[in-house]
> 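So that we are looking at the same thing, I have put the structure below in structure tokens.
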Amino acid sequence: MQVNDNKEFQPLIVAFCCNWCSYAGADLSGTNRLNYPTNVKIIRVPCSCRVNPIFILRAFQRGADGVILCGCHPGDCHYTSGNYFTRRRMTLLFSMLDFLGIERDRTRVEWVSAAEGAKFAATMNEFTEAVKKLGPNRRLEDLRCRKQ
Amino acid sequence: MQEAIISRAKQLLADGTVNRVIGWKRGEFAYDITPAIFESPEEIDADFVYDDFTSANVSKYLVKESRKEGKILAFLKTCDTYSLNQLTKEHRVDRDNIYVVGIPSDGKLDVEKIKAKGITGITGVERNGDILTVKTIYGDETMSVADAMSNKCLSCKSKKHVTYDELIGEDGEVTDTNRFDMVEKLENMTSQERYDFWRNELSKCIRCNACRNVCPACTCENCVFNNPDSGVENKAAADSFEENMFHIIRAFHVAGRCTDCGECSRVCPQNIPLHLLNRKFIKDINSLYGEYQAGADTTSKAPLNNYTFDDCEASIVHERGVE
Amino acid sequence: MSNNLKEQVIRSSGVNVLKCMRCGKCSGTCPSYDEMEYHPHQFVYMVEKGDIETLMNSDSIYKCLTCFACVDRCPRSVEPAKVVEAVRLAAVRIQGNNHLIPDQIPEMLDEDLPQQAIVTAFRKYTK
Amino acid sequence: MQKIGVFVCHCGTNIAATVDVKAVAEALSHESGVVISQDYQYMCSEAGQNLIKDAIRENGLTGVVVCSCSPRMHENTFRKAAAAAGLNPYLVEIANIREQCSWIHKDIATATEKAIILGRAAIAKVQLNTPLTAGESPVAKRALVIGGGIAGIQTALDIAEAGFEVDIVEKEATIGGKMAQIDKTFPTLDCAACILTPKMVEASQNEKITIHSYSEVSAVKGFIGNFTATIKKKRRFVDETKCTGCGACTEVCPMQKVPNAFNLGLNNRGAVYIPFAQAVPKVATIDPNYCLKLRKGDVNEKVCGKCAEACTAGAINYHQQDEYIEQKYGAIVVATGYNPIKLDKFDEFAYNQCADVVTSLELERLMNAAGPNGGTLLRPSDKTHPHKIVFVQCVGSRCDDSKGKPYCSKICCMYTAKHAMLIREKYPDTEVYVFYIDVRTPGKNFDEFYRRAVEQYNVHYIKGMVGKVTPKSDGKIDVQASDLLSNEQLHIDADMVVLATAIEPDKTARPLATMLTTQMDTNDFFTEAHAKLRPVESATAGIFLSGACQGPKDIPETVAQASAAASKAIGLLVKDSITCNPCVAHSNELMCNGCSACEKVCPYGAITYQDKEFRTPYRTTVMRRVASVNPAVCQGCGACTVACPSGAMDLNGFSNSQIMAEVDAICK
């Protein structure tokens, strides 16, 4: 969580992006100078299926207010099938977080191809807004990691 | 039933089919039935117990036992056979080294439920139809069997043994239960209500690890919670986050592998309804990816290791239920 | 007006006219082709262009037998008969401007009229 | 103790305009382990790279972080620079502060703050990087070509030409494929057999090429450079080594009522047959479903046996069994080709009702000199000359319903123009109509060819799809269609109707794809590794695609792709060993449960299991099943690392601890 001078809540968003599609899509939104908030910090992974639920919990623990996972569109995975596994894993994980009463809008999966720079920027704008509305992550935070 | 089991165990030991038996013996109290290994007819005669308190699922012990020299005899209730099948599928047990005798179970009793009626000093029970006579040091008490039945048996999913070398008694059918009712009730609450519910439950967790240690799906050589490199290592929950994390990760690790044997909730000293987390996954898997019962067979692909091209998107979580 | 009409026809037919690849198989298959001023493929194209009123004012909408041959054979699943039906409904729905009332039908029947036409006409005019 | 160098690039003003690079370098210099932190105009320039190299040498750096453009751009550049200075190239990490920071943000303060955080994450990650060495795996100097059509033949010839052994596996009794069945080729109208059969002979005579006809691939194991394939040689009841192809057996066979598959069932052949005169290998095959002796079940019974009597070479062997050959290959080329679709779902064209409604491939046989009518075009029904022929285009192509195929079959426009032209040339009294939706003629001399059909040969091209084909009692065929340009409905009394049937991949392709762990699209065409830049490679390393198995293609395109696939295969075979991507998964045997979860999600079949003995307390040991990853096969997706419940699986370069360190640094 970052706090600006104007005191507006600035959420911290961690975005896991697969190397082949979404990371390239993020690069493309840069090449096209499509703005999205600085709140979003991208971590590059080879494939969306590399993202362990533990990483997502870890991000929330350490102070992220939202976590978004981006991968190739189903059918376009560089590794044939990785994102299909991602889809099942994240559906179940998010459903479980929802079941435990964690706000649904803090987590998201989005398929962004290497050509969808505009979609990447729009998604990040939208997601940041949604998390901003929820306010700081309180339900799944580690008090020891809370910043002043 | 106990006599039949004991006599069959002695036969199989005598004819050399097996060289050990895994069964149960009494603990400190009459209702404290705990798994035990027997190597001779004498030991069996002395200690072997199979009664209304014999709930423990012994299949997990077979991970280690089946790797030892010689064949072991295991008496498995219906729910235990699912666990064994799942372990067989995951190559965790050597099925060839196990002689399975399927035994019937008409539901086991939960001593806590009896104690909750104010009955103490329990020395034994007798079931007569629906009536349960509880023998205590202060004399006999009666109550209904249903009131004393353990929760996991109240929502028994199957009376059918899915793996066995022989059966004692008749085999039953897969039953249709209301086991997802509570999950559904929670799903219909608001997010805040669910959060409050789980905070109330999980904050009771004392991280005794009983749920993990009894779980027949949790057989990892080295559990992630014991591994300093895993990023989630912790011995005792320091705060609410860690309470949540332990149970989320544990449920996720057994998702698609949990046979819903209910041991986790049975052994929880804090009475946290942990099975609800597993059932939530089972319910989601059934409704999103098609009916799947872990342990029903030894060949099918686990739902999380499988996919179809037209699986639902993760956004389905946003689209359904109460916010 | 025309845009509203186009929207109405597209909505009530449930047809995506953009799927048409202009192969003309619908018109190649149509048994009432020679009776029609505008043919099935033209219906699809004119609806796409929004030229609905011309179609509404043409007799063609009553010449379609609703035999669904075009629907069956269209390689792109466009379903031209449903478009024709939707344009006809658009015409019928204009209040005070009824083209036919059911009671008039019996006296208009002639014995050469195909059975299927009578059945479909009955279906059309009693909605 | 780590010694990390941080290098912040200005990228001219690309980064420096929105990110205060000096502040970034300053801030990162205080991070733990950082011994040098510099900024420079262009890090990727030679001077910039030298800056890094010098810093590595002078400071003995153990890790390098470059804050610059996307790693997709210059990761390799900086890795090479590091390697040149003696640092393991995998100890370099990039913080992407251009595409993912300076270019998308406008406010210098927040952009600088974000750049520092991204730099910190890269530093946190590089602390945990380990030196990686790319492994090597030997390459077997032999290629397998699956399919013996023109694609397979061309690929095999090219590979053999380069000096490597090639095996062609063909499921039919002869190589040649579809091209052998075709009469003439567009746009030059030369005879297909005249250009194909020399290639077939060349293939059979080339010492480097082994042809396994009447065979199929029954199993493939292994990985790039090191495949093992099992080839099933189906029993043909004729000893290939003895048969001279004289054809004496085919003449004496009393069972002459077998539909001739080579002529698409338009005439009959014997139960023992040689598919066609120029077949390669020219060896007879007995069809056990029709042979009077083999059909009996007991070959020792005294039934028929005329072919064995007629065979002077003693090649007939009624006792022959299927034979399995196992062979190692370095590369595999798939060339399984295509087939016309079945027309059962298109009742409106009356294909199953009327013998004179034929597919285009059948027309090829009807017009071919070696075909059922010896090259005279006659109606199949009554063997009379057709005087009016209607061609229907796009039959089953461009359909979005379940009846047909959604794609354009690509070759039909051109071969229909060819057919129309040949018929008008040979039988000027015949009227030819072509009903088309679009005429698609991209290709050298293609449109000129089509225009010739219209202008020189007076073929009637009518825009509009045929709606209905009705055989009439007088033997004529009523073709009902709409002429979209003159806006009228036409009825043509045709003598023959030719359907330009859609083509689809061969049915053997899908099980083969599963065997090879290659991708297919929903139409069962093999998917290339990259639609533009890697059109002849499959996504699975070492497997190449040739011809129509990858998408509809005409002969020149097929041959071009066949040679391209061959050159890719040769490029692999000339190497003695291949360098593997070191960012692969590995399993910690001490933690592995042997549960097979990882194997189930691995798209490459890179994971195998073995029983290993492990020491346990009190000097005992225990046997456990543990996973091991073949680094030559693993592509490093990481699916296994999440499927693994115990966390025994981890991924080099993107390890659990590295990713979590990044998470921590970002969230700090």
Side-chain angles (χ1 to χ4, degrees), chain A residues 1-2 4 10 12 14-20 23-24 26-56 58-64 67 75 77-82 84-86 89 114 117 121 124 145 147, chain D residues 69-73 93-94 96 98-107 109-115 117-118 121 125 517-519 521-522 527 529-530 539-540 583 585 600-604 635-644 647 651 653-654 656 659-660 662-668:
Chain A
M1 192 185 67
Q2 304 157 349
N4 265 11
Q10 290 297 331
L12 173 59
V14 175
F16 291 98
C17 291
C18 87
N19 182 45
W20 305 97
Y23 194 87
D27 279 354
L28 183 63
S29 68
T31 312
N32 293 341
R33 310 296 197 276
L34 302 168
N35 295 358
Y36 56 86
T38 51
N39 309 56
V40 179
K41 312 285 192 298
I42 296 171
I43 293 178
R44 183 164 71 126
V45 287
C47 175
S48 59
C49 71
R50 177 65 187 92
V51 177
N52 197 311
I54 290 175
F55 303 162
I56 292 173
R58 177 87 164 200
F60 282 124
Q61 176 185 26
R62 300 292 160 131
V67 177
C77 177
H78 178 80
Y79 303 102
T80 320
S81 51
Y84 289 120
F85 295 119
T86 307
R89 289 167 184 166
M124 293 306 151
C145 300
K147 275 149 282 192
Chain D
C69 55
S70 171
R72 295 173 56 86
M73 194 77 108
E93 284 296 328
I94 310 289
N96 184 345
R98 191 178 77 174
E99 281 86 347
Q100 294 180 8
C101 190
S102 72
W103 276 355
I104 42 166
H105 306 311
K106 288 181 184 136
D107 177 51
T110 53
T112 305
E113 189 190 336
K114 177 171 169 179
I117 293 173
L118 293 179
K125 186 180 180 192
T517 64
T518 47
Q519 283 169 276
D521 63 19
T522 50
T527 309
H530 189 283
T540 305
C583 293
K600 301 254 161 49
V601 299
C602 180
Y604 306 102
Q635 303 285 313
C637 67
C640 53
T641 61
V642 183
C644 178
L651 187 65
F654 293 94
N656 289 329
I659 295 176
M660 283 186 294
E662 282 185 272
V663 170
D664 293 356
I666 285 174
C667 297
K668 204 149 65 181

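The structure displayed is predicted, hence computed values, not measured ones. Quick note on labels: first sequence line is chain A, next is B, and so on, each numbered from 1.
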> Write down the atom of A:V14, the atom of D:C667, and the distance for their closest heavy-atom approach.
CG2-SG, 4.0 Å
> Without swapping roles, check the side chain of D:H105 against the backbone of A:Y36 for a donor-acceptor pair under 3.5 Å.
yes
> Would you indicate whether the side-chain heavy atoms of D:C637 and A:C49 approach each other to under 4.5 Å?
yes
> So, D:N656 and A:R58: side-chain donor and acceptor under 3.5 Å apart, yes or no?
no
> Backbone N or O of D:F654 within a donor-acceptor pair of the A:R50 side chain at under 3.5 Å?
yes
> For each of D:E662, D:R72, D:E99, D:K106, tally heavy-atom pairs with chain A at distances under 4.5 Å, and name the one with the top tally.
D:R72
> Taking all heavy atoms of A:R89 and all of D:A643, pick out the closest pair and write down the distance.
NH2-N, 3.6 Å
> Tell me, for A:A121 versus chain D, whether the close heavy atoms (under 4.5 Å) come from the side chain, the backbone, both or neither.
neither
> Report the option among A:C47, A:P46, A:C145 that has the most heavy-atom pairs separated by less than 4.5 Å from atoms of chain D.
A:P46
> Of the listed residues (D:T522, D:D664, D:I666), which shares the most heavy-atom pairs with chain A below a 4.5 Å separation?
D:D664
> Looking only at heavy atoms, what is the nearest atom pair of D:K114 and A:P37, with distance?
NZ-O, 4.4 Å
> So, taking the atom named CG in D:D107 and the one named CG in A:N35, what distance separates them when rounded to the nearest 0.5 Å?
11.0 Å
> Do you know the tightest heavy-atom contact between A:F85 and D:A639?
CD1-CB, 4.5 Å
> Name the region of D:A121, side chain, backbone, both or neither, that has any atom closer than 4.5 Å to a heavy atom of chain A.
neither
> Given a strict heavy-atom distance threshold of 4.5 Å, which part of A:V45 is in contact with chain D: side chain, backbone, both, or neither?
both
> Are D:I104 and A:R33 close enough that some pair of their side-chain heavy atoms sits under 4.5 Å apart?
no
> Given heavy-atom pairs under 4.5 angstrom as the criterion, report whether the side chain, backbone, both or neither of A:R44 touches chain D.
both
> Counting heavy-atom pairs closer than 4.5 Å to chain D, which one of A:I42, A:L34, A:V40, A:D27 comes out on top?
A:D27
> Quick one, A:N52 and D:T641 - any side-chain contact, counting heavy atoms below 4.5 Å?
no
> Which region of A:N32, side chain (C-beta onward) or backbone (N, CA, C, O), has a non-hydrogen atom less than 4.5 Å from a non-hydrogen atom of chain D, or is it both or neither?
neither
> Heavy-atom distance under 4.5 Å between the side chains of A:F16 and D:V663, does that happen here?
yes
> So which residue, A:T86, A:V51, A:T31, A:L28, ends up with the most heavy-atom pairs under 4.5 Å with chain D?
A:T31
> Stepwise, does the side-chain contact (heavy atoms from CB on, under 4.5 Å) test hold for A:Y23 with D:S70?
CA-CA 9 Å; A:Y23 194 87; D:S70 171; 3.6 Å; yes
> So which part of A:C18 gets closer than 4.5 Å to some heavy atom of chain D, the side chain, the backbone, both or neither?
neither
> Quick one: does A:I54's side chain get under 4.5 Å of D:V642's, heavy atoms only?
no
